[in-house]
Asker: 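Right, I'll just put the structure down here and ask away after.
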Amino acid sequence: MRRKPVTLVTGAGGEIGHGLIGRLAAAGRDVLALDVRELPADVRAQCAHAIVGDIVDRNLLGRLVSEFEIHAIYHLAALLSTRSEFTPETAHDVNVGGTLNLLHLAVEQARWHGEPVKFMFPSTIAVYGVPDLATKASAGRLREDQFLFPTTMYGCNKLYCESLGRYFTRHYRQLAHEREPSGVDFRALRFPGLISAFTLPSGGTSDYAPEMVHAAAEGKPYACFVREDARIPFMAMPDGIDALLRLEAAPKAGLRRVVYNVTAFAPSAFELAELTRRHFPGARITFEPDLRRQGIVDSWPADTDDAAARRDWAFAPAYDLERTFRDYLVPNVKARYTGAQ
Ligand code: AKB
């Protein structure tokens with residue numbers, strides 16, 4: 001009896017999953033969605049299969065082997081940086097234990113069907129930790145091997161999971177008598193703050209950018225929790241999804257790295273507020289920094305160097321800051337709240 005060939009998407013109901021699943025389905029791929037909550041109806045409709053469950057549940061994942069033939073995994077499930085600081089031990093269980101469970105699942109799947117399993121992993125700029133603002137300013141765009149001293153549980157989790165993925169891909173059971181490859185083809189992107197027009201941000205420290213725009217579109221005042229001069233890299237969600245799909249499709253022979261930086265634009269919070277006011281003239285945006293969340297943002301890079309991604313798999317974002325607002329955010333966020341475009 002042939003099992004159903006699928007692409008597994010964890011955290012399917014989240015910000016990335018909302019757009020990614022539509023792209024996978026449009027490409028003719030059967031999506032097996034896994035999330036701890038029921039999927040929104042529009043997302044569920046694009047999935048071949050959907051399971052409500054937790055990636056820390058090894059029994060659940062073990063049962064997937066009997067029913068599904070998984071050829072690729074998009075592991076989106078995670079507790080983000082701010083939420084993880086309230087429950088660091090739970091964040092470790094989900095972000096690290098869940099990822100290890102899925103890597104084990106990928107090894108089992110590859111053994112069963114004899115093909116490598118591509119494991120797509122959204123890492124983050126939270127893996128970086130610059131010590132102070134003077135260093136942040138002088139360091140500029142960080143390469144993948146610089147300042148890897150995360151100050152959040154989420155950043156620690158993601159940096160370790162990058163190493164786990166590299167181990168499974170290149171060094172798995174290296175001392176075994178009968179050594180055989182794991183079959184796991186782990187590929188990771190260090191995402192900047194992702195800005196989505198269609199989902200509300202959930203527990204991230206970079207959320208001030210989308211929160212500001214969504215509040216303006218709803219006609220609500222917004223007290224920004226970082227300073228006006230706070231600066232980190234961002235990307236429009238469509239470019240983030242394109243980057244994941246392009247990296248998955250890239251020939252392995254051309255990939256000199258397992259983990260890649262990707263970025264698109266790096267505005268200050270003031271520049272984001274000015275652009276929001278330009279598109280929403282009545283926007284009431286104030287700045288009331290939360291010094292602890294500000295401390296996290298200050299430890300993140302002003303921008304990252306994505307030359308390796310552009311060299312190895314032709315990464316090229318389509319949306320700069322102006323186009324993100326003009327063509328993506330403003331028309332879609334307006335439609336979400338007012339029906340107008
Ligand atoms: C967060 O703010 O935690 C995430 C991220 C930058 O990885 N959006």
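Starting from 1, each residue takes its place in the sequence as its number. Numbering of ligands and ligand atoms starts at 1, following listing order.
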Asker: Could you say whether the N/O atoms of Thr82 and ligand 1 ever approach to under 3.5 Å?
Answerer: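 The answer is no, given that Thr82 and ligand 1 share no N or O pair closer than 3.5 Å.
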Asker: Any N/O of Asp207 closer than 3.5 Å to an N/O of ligand 1?
Answerer: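 Checking ligand 1 against Asp207, no N or O pair falls under 3.5 Å apart.
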Asker: Does the pair Glu322/Arg278 count as a salt bridge with the N-to-O cut at 4.0 Å?
Answerer: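 Salt bridge flag = yes for Arg278 with Glu322.
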Asker: What salt bridge (charged side-chain N to carboxylate O under 4.0 Å, His left out) pairs are there with at least one residue in residues 7-19, not counting sequence neighbours?
Answerer: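 Salt bridge (charged side-chain N to carboxylate O under 4.0 Å, His left out) check on residues 7-19 returns no pairs.
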Asker: Tell me, yes or no, whether the heavy-atom count around Arg292 atom CZ, taken from other residues, nucleotides or ligands under 6.0 Å, exceeds 12.
Answerer: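 Atom CZ in Arg292 is not packed in, count stays at 12 or less.
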Asker: Counting neighbours of OH on Tyr167 that are heavy atoms of other residues, nucleotides or ligands and sit closer than 6.0 Å, is the number greater than 12?
Answerer: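 For Tyr167, atom OH is crowded (more than 12 foreign heavy atoms under 6.0 Å).
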Asker: Of all the atoms in ligand 1, which lie at a distance below 4.0 Å from a heavy atom belonging to Leu80?
Answerer: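 Heavy-atom distances to Leu80 below 4.0 Å select 3 (O).
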Asker: Trp300 to ligand 1: N or O pair under 3.5 Å?
Answerer: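 N/O-N/O distance under 3.5 Å: no.
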Asker: Could you check atom 8 (N) of ligand 1 against the protein and tell me its nearest heavy-atom contact, residue, atom and distance included?
Answerer: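 Residue, atom and distance for the closest contact: Ser206 OG, 3.0 Å.
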Asker: I need the Phe225 CZ to Thr205 OG1 distance, nearest 0.5 Å.
Answerer: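 Answer rounded to 0.5 Å: 6.5 Å.
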Asker: Considering only protein heavy atoms, which is closest to atom 2 (O) of ligand 1, and at what distance to one decimal place?
Answerer: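 Among all protein heavy atoms, the one nearest atom 2 (O) of ligand 1 is Thr205 N, 2.8 Å.
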Asker: Test side chain to side chain donor-acceptor pair (under 3.5 Å) on Asp290 and Gln294; report intermediate values, then the result.
Answerer: CA-CA 6 Å; Asp290 173 332; Gln294 180 67 61; over 6 Å; no
Asker: Which bit of Ser81 is near ligand 1, meaning a heavy atom under 4.0 Å away: side chain, backbone, both or neither?
Answerer: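 Answer for Ser81: both.
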Asker: Starting from atom 5 (C) of ligand 1, locate the nearest protein heavy atom and write down its residue, its atom name and how far away it is, to 0.1 Å.
Answerer: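 In this structure, atom 5 (C) of ligand 1 has Thr124 OG1, 3.5 Å as its nearest protein heavy atom.
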